[in-house]
Every structure is written in structure tokens, then in C-alpha cells.
Amino acid sequence: MSTTRRAAVMAIVVCALAFTIAVPLRTYLSQKAEVAEQERRQEQLREQLDDLRDRRAELNDPAQVEAEARRRLRFVMPGETPYIVQLPEDEAAAERRRPDERQRPQGAWYERLWESASGP
């Protein structure tokens, strides 16, 4: 065989080997990246599970449940007097909202529709 033919055959063999190796190599690398991502996700879920277990342990304490109810739900025990402190900026914000509330029409939608249709 001539040198050109040998070079062509070698090029074809090298290309065939490259294509034969390329697909499994690509699959391997993509699966390796996916495994790494799943391991990171699994670690995050483990941390979240640990946090939830700690929270469950906290809520097994009746004093903690009572404190949560008082703080988040504003519960009071019988005989206690609840106080809500309104700061001046809270009143100013309430005043700014009140004009919008006054502009809202009162009554059901069908009553307002009837009044607008039968009105002057």
C-alpha cells in the first residue's frame, strides 16, 4: 500500500476509535456531574432535616409552644390584659390608608349596579 492509503486508513481508524470513545465518555462526564449535583442536593436535604428535627424538639416543650402562641398568634392567658402599643408612625400609616377605604363603595356589587342603572 502506498503511504497515502496507509495514512487514510489510519485516519479512519483513529476517527472510528474517537467516535467509539466519545459517546461513552460524554455519558460518563454528564452522569458524574449529575451525581455531584445530587450529592449536593442530598446534603442540603440532610441539613434541612436536621433543622426540622431541632425545631420539632423545641416544640415538644410546652413553654416553647406557649411562647410561640403568644408571639405569633398574640394569645393571652385567662385573666391577663392584652396591650397593643401603636407608635405614631403606625397611626400615620393608618391615616394614609383610611381615605382609600372611604372611597370604596358600600354594599353588594349587585346593589351598586342597580343603583347606577336606576340612578339619575
**OP:** Show your reasoning for whether salt bridge (Lys or Arg N to Asp or Glu O under 4.0 Å) applies to R40 and E37.
**Re:** CA-CA 5 Å; R40 280 193 298 272; E37 176 62 32; 2.6 Å; yes
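Counting side-chain heavy-atom gaps under 4.5 Å among Ile, Leu, Val, Met, Phe, Trp and Tyr, the cluster of Y110 also holds W109, L113.
Annotation: side-chain contact (heavy atoms from CB on, under 4.5 Å) contacts of V13 (sequence neighbours excluded): V9, L17. Listed by chain and residue number, nothing satisfies the side-chain hydrogen bond (donor to acceptor under 3.5 Å, both in side chains) test with R74 (two or more places apart in sequence, or in another chain).
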Ignoring hydrogens and angles, write down the donor-acceptor pairs under 3.5 Å from the side chains of residues 46-67, residues two or more places apart or on other chains.
| residue | atom | partner | partner atom | Å |
| --- | --- | --- | --- | --- |
| R55 | NH1 | E58 | OE1 | 3.3 |
| R55 | NH2 | E68 | OE1 | 3.4 |
| D61 | OD1 | A63 | N | 3.4 |
| Q64 | NE2 | E68 | OE2 | 3.4 |
| E66 | OE2 | R70 | NE | 3.2 |
| E66 | OE2 | R70 | NH2 | 3.4 |

In residues 19-36, what donor-acceptor pairs under 3.5 Å come from side-chain atoms, sequence neighbours left out?
| residue | atom | partner | partner atom | Å |
| --- | --- | --- | --- | --- |
| T20 | OG1 | A16 | O | 2.6 |
| T27 | OG1 | V23 | O | 2.9 |
| S30 | OG | R26 | O | 3.3 |
| S30 | OG | T27 | O | 2.9 |

